Protein chains: 2
Amino acid sequence: MTTDTQRVKADAFKVACSSCNLRELCLPVGLASPDLEKLDSLVANRRTVARGDTLFRSGDEFQSLYAVRTGFFKTCVSSEDGRDQVTGFQMAGELLGLDGISNDRHSCDAVALEDSQVCVIPYSQLEELSREFTDLQHQFHKIMSREIVRDHGVMLLLGSMRAEERLAAFLLNLTQRLQARGFSASSLILRMTREEIGSYLGLKLETVSRTFSKFQEEGLLEVKQRQIRIVDQAGLQQLVNGAGGAC
Amino acid sequence: MTTDTQRVKADAFKVACSSCNLRELCLPVGLASPDLEKLDSLVANRRTVARGDTLFRSGDEFQSLYAVRTGFFKTCVSSEDGRDQVTGFQMAGELLGLDGISNDRHSCDAVALEDSQVCVIPYSQLEELSREFTDLQHQFHKIMSREIVRDHGVMLLLGSMRAEERLAAFLLNLTQRLQARGFSASSLILRMTREEIGSYLGLKLETVSRTFSKFQEEGLLEVKQRQIRIVDQAGLQQLVNGAGGAC
DNA sequence: CGCAGCCTTGAGCTACCTCAACCCGGGTGG
DNA sequence: CCACCCGGGTTGAGGTAGCTCAAGGCTGCG
């Protein structure tokens, strides 16, 4: 535990929210300077999470939210029997831990898929601050609401799409988020295994693999292990928007 | 539009939150009297929604949340092509419209499955009030978080369960919520069609129907159209917790 | 070099879907 | 009051998308 604290300190040549290059994607979106400076004081700590380690686990006491600063996470829930389900992948600027508010305990695991760094946002202080700053309050509510809307989109995917449509939707969503962060729209490196993609999409890893191969044959993608190049974005988009003919 | 306003007025022999019999299930949970009285002033309006009518539609401007007072709703999202997905069923005490906060527009439809009445909660006033009353603020955050956790549970169901497990989980969830409202734990009337259940569970209506029949043959349920009697609750529970043997 | 983790591909199986016929109950109109 | 209709619901038969099981291939690391 002491080593943990030390690690936090070691990371703490801090970058303030107000000067963070993620401020347009993260909690501070749209905040003017007085609010922003208050937020700086709140988000004092960093935490480093090595690839494969958990940021929090289901059942852990909930105290803080986390904003991904660098790296990549997955969250997964599991049922009493061993079954588990990846519920999301989080990249820089995205928030982790919202599930914990409901119970004062986390209800899912957050696992780093590569060496990562997060900003620690003590929740009780966030509540306090958002009582004072209406923009912050509103922004926080928007982020929670956006998570709900995202989840509904995943339900639509899981409930009514076929394997190819699911994978196409997944890739388009990933590239869009990467693009918002200044990465290429057409070329990406997957941070997760086929099995993790499968879990997220409600498919078996073999099906994911076969579908990647199929997309490659059809000239939609180039796939080399985890290196993906999107050759025909419009083609993927068309798959998602109903394979039904474009009459 | 005028008729709408008149209807609202006609409903408005108001029951205050502080004396509402749903206060232990709804937004006021855990609030002490000063907060509660403030809430009363906020939730002034009622709205009646006839069976089959929509409370709001995807794309509508977002202004208010709604607490179900009586009746039963479904929410559904749809993709560009016609596909749509039921994302939830809401009963007395549950909140509708959280999806709208993210965009100032609703992103799903809310449809009454029986004649219903909702309390209208103007959102901007709720934000304002929750800046003043920390318990209310905290309670509101919990409700949003709970919705996220619920959605993750549905993802688990859609992503990794088989038809029987899905239906069993659905029935147990329904009865549990009904029980919390003082209804029988073992006997219920479904408010939705087989098709709506199927959409929620990612199954076709025929599969839902067959699974009901199967449960009946196996002595788990008695099914007479929409009248359901749960004969062997433990048996259903066991189905959900992994049909894998109880070694 | 050899091992371990991940990925790919094939062959056969099965849970669920599709299509189609029929039934039931409640509301309407003659 | 009965005939009819219509929106659910049930049941059957056959098809198929995705799963399971199994073998083998890459890649990076000790």
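By convention in this document, chain letters (A, B, ...) are assigned in the order of the sequence lines, proteins followed by strands, and residues within each chain are numbered from 1. The structure displayed is predicted, hence computed values, not measured ones.
Ring planes of B:Phe62 and B:His106: perpendicular class, angle over 60° (limits at 30 and 60°).
Judged by distance alone, the side chain of B:Gln85 and the main-chain N or O of B:Ser199 form a donor-acceptor pair under 3.5 Å. At distances below 3.5 Å, not a single donor-acceptor pair connects side-chain atoms of B:Arg47 with backbone N or O atoms of B:Val118.
Spacing between atom CZ of B:Phe215 and atom C1' of D:dT11 amounts to 18 Å, rounded to whole angstrom units. Atom NZ in B:Lys214 sits roughly 15 Å away from atom P in D:dG12 (whole-Å rounding). In this entry the distance linking NZ of B:Lys224 with C1' of D:dT10 reads 16 Å, nearest Å.
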What string of B, S and - do you get for nucleotides 15-23 of chain D, 5' to 3', when a contact is any protein heavy atom under 4.0 Å? ---SSBB--
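With a heavy-atom cut-off of 4.0 Å to chain A, the contacted part of DNA chain C has its first and last nucleotide at C:dC6 to C:dA11.
Nearest approach of B:Glu147 to A:His152, heavy atoms of both residues: OE2-NE2, 3.6 Å. The two atoms that bring B:Ile121 and B:Ala67 nearest to each other are CD1-CB, 4.2 Å, heavy atoms only.
Not counting sequence neighbours, the partners of B:Tyr200 by the side chain to side chain donor-acceptor pair (under 3.5 Å) test are B:Arg150.
In this structure, CG in A:Leu220 is found 9.5 Å from CD in A:Gln238, a value given to the nearest 0.5 Å.
Among A:Arg69, A:Arg181, A:Arg146, A:Lys74, the single residue meeting the salt bridge (charged side-chain N to carboxylate O under 4.0 Å, His left out) criterion with A:Glu94 is A:Arg181.
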